[in-house]
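Heads up: the structure comes next, in structure tokens.
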Amino acid sequence: MLKRIVYIFFLCLSLILSSQEKGTFSLSGYAKVIVGNDTLPSNDLVLELKPGYHIIETDSLGFFEFKNLKKGRYTLKYVYDGSINNKFKIQIKNKSIKNFNIIYNSNCEFTKTQALEDIKNNNIRLIVLGGIAISHFKDEANHEKKYNFKYHIFGCIIEDFECMKQYNQTIFKYFNNKYGEKWRKEVRDDVYFLNRTKYYE
């Protein structure tokens, strides 16, 4: 009976160790971004873990988790063209790694501080994500003249989403106070975050 118990114990232990070697470890934590004077959760941030092909996005709280990892050394990188010092060395030994939090500086041109400066200097812009094929609306010149701003259209290379959101929201609030709500129905409907924010924030 004792031999059978010992045998079962070592059998279970070997199965556990074998499964861990095949990849039952995980790496998780939160990503935050410094935008101007604020430190915010970095949502929709693309993270890459090498070696292997591990690519995920952070959720609305900045949370990320890589699963089914083996023991070894890894390099975690956030995929963002404007980032600096964006690589982190990680070693997984005998257990999963939790609360591996990363904070990075966006170094963005467009922030709340910049928006306030642009309002002060009468150099207001509204950010549009144009993508590969940048489109133009026939009435956009009239929008710009009527509300005294310029569309700033990003192509393939963009700034951090939180930066663009913060800049646009600051301009939204200014326009709300100055023009009421009518401007929202007249400008391009693809202005970043225009249709995903409350009127008065």
Side-chain angles (χ1 to χ4, degrees), residues 26-50 54-67 69 73-92 96-132 134 149-177 188 190-201:
S26 64
L27 168 66
S28 62
Y30 289 86
K32 296 183 178 180
V33 56
I34 299 173
V35 181
N37 297 322
D38 300 324
T39 301
L40 308 168
S42 184
N43 61 304
D44 299 324
L45 178 68
V46 180
L47 294 172
E48 179 182 29
L49 188 67
K50 289 186 175 182
H54 309 283
I55 296 180
I56 61 174
E57 286 187 359
T58 57
D59 66 14
S60 60
L61 298 177
F63 178 77
F64 65 89
E65 183 176 19
F66 292 93
K67 299 180 180 180
L69 302 177
R73 298 178 183 273
Y74 292 88
T75 299
L76 175 65
K77 176 182 178 181
Y78 45 84
V79 184
Y80 164 53
D81 291 328
S83 57
I84 298 176
N85 299 324
N86 63 341
K87 293 182 180 180
F88 305 88
K89 299 295 183 180
I90 299 166
Q91 183 174 7
I92 296 179
S96 297
I97 298 177
K98 298 180 180 180
N99 298 319
F100 188 87
N101 301 329
I102 57 177
I103 299 177
Y104 68 99
N105 195 319
S106 62
N107 296 305
C108 291
E109 174 187 355
F110 294 93
T111 62
K112 178 180 180 180
T113 302
Q114 185 59 54
L116 294 173
E117 190 71 19
D118 286 350
I119 292 171
K120 179 180 177 181
N121 296 328
N122 199 28
N123 184 37
I124 298 172
R125 292 164 286 180
L126 285 178
I127 298 172
V128 175
L129 303 186
I132 298 175
I134 297 176
F149 75 94
K150 290 290 184 181
Y151 288 110
H152 186 95
I153 304 176
F154 276 107
C156 297
I157 300 178
I158 62 175
E159 291 205 311
D160 188 277
F161 288 108
E162 287 296 334
C163 299
M164 297 184 293
K165 172 185 172 183
Q166 189 179 98
Y167 181 93
N168 269 3
Q169 284 186 312
T170 305
I171 302 301
F172 295 166
K173 184 176 181 179
Y174 172 74
F175 276 4
N176 287 340
N177 292 333
R188 292 178 56 144
D190 58 350
V191 170
Y192 183 64
F193 223 77
L194 177 65
N195 297 316
R196 288 187 287 171
T197 183
K198 295 179 182 179
Y199 284 174
Y200 302 99
E201 291 189 299

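Note that this is a predicted model, so its numbers are computed, not measured.
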Option among I97, L27, I90 that satisfies the side chain to side chain contact (heavy atoms under 4.5 Å, CB included) test with L69 | L27

To check you understand the geometry: which heavy-atom pair defines the closest contact between [X] and [Y], and what is its length?
X    : Y    : result
Y167 : N123 : OH-O, 4.2 Å
R188 : V128 : NH2-CG1, 3.7 Å
L61  : P41  : O-CB, 3.5 Å
S96  : S26  : OG-N, 2.9 Å
T170 : I119 : O-CD1, 4.5 Å

Side chain to side chain contact (heavy atoms under 4.5 Å, CB included) partners of [X], counting only residues at least two apart:
X    : result
F149 : I124, L126, H143, E144, Y147, Y151, F175, V187
A31  : S42, L45, T58, I102
I34  : T39, I103, N105

From [atom1] ([X]) to [atom2] ([Y]), nearest 0.5 Å:
X    : Y    : atom1 : atom2 : value
Y30  : N43  : OH    : CG    : 13.5 Å
D44  : D59  : CG    : CG    : 9.0 Å
E48  : F66  : CD    : CZ    : 8.5 Å
D38  : T113 : CG    : OG1   : 8.0 Å
E57  : L47  : CD    : CG    : 9.0 Å
E162 : K32  : CD    : NZ    : 12.5 Å

Determine yes or no for a side-chain-to-main-chain donor-acceptor pair under 3.5 angstrom, with Q166 supplying the side chain and K112 the backbone.
-> yes

Under 30°, 30 to 60°, or over 60°: which ring-plane class applies to F161 and Y192, parallel, tilted or perpendicular?
-> tilted

Plane angle bin for Y78 and F88 - parallel if under 30°, tilted between 30 and 60°, otherwise perpendicular = tilted

So, using side-chain hydrogen bond (donor to acceptor under 3.5 Å, both in side chains) as the criterion, who are the partners of [X] when residues are at least two apart?
X    : answer
Q114 : D118
E117 : N121
E109 : R125

Beyond-backbone contact of I55 with V46, side-chain heavy atoms, under 4.5 angstrom | yes

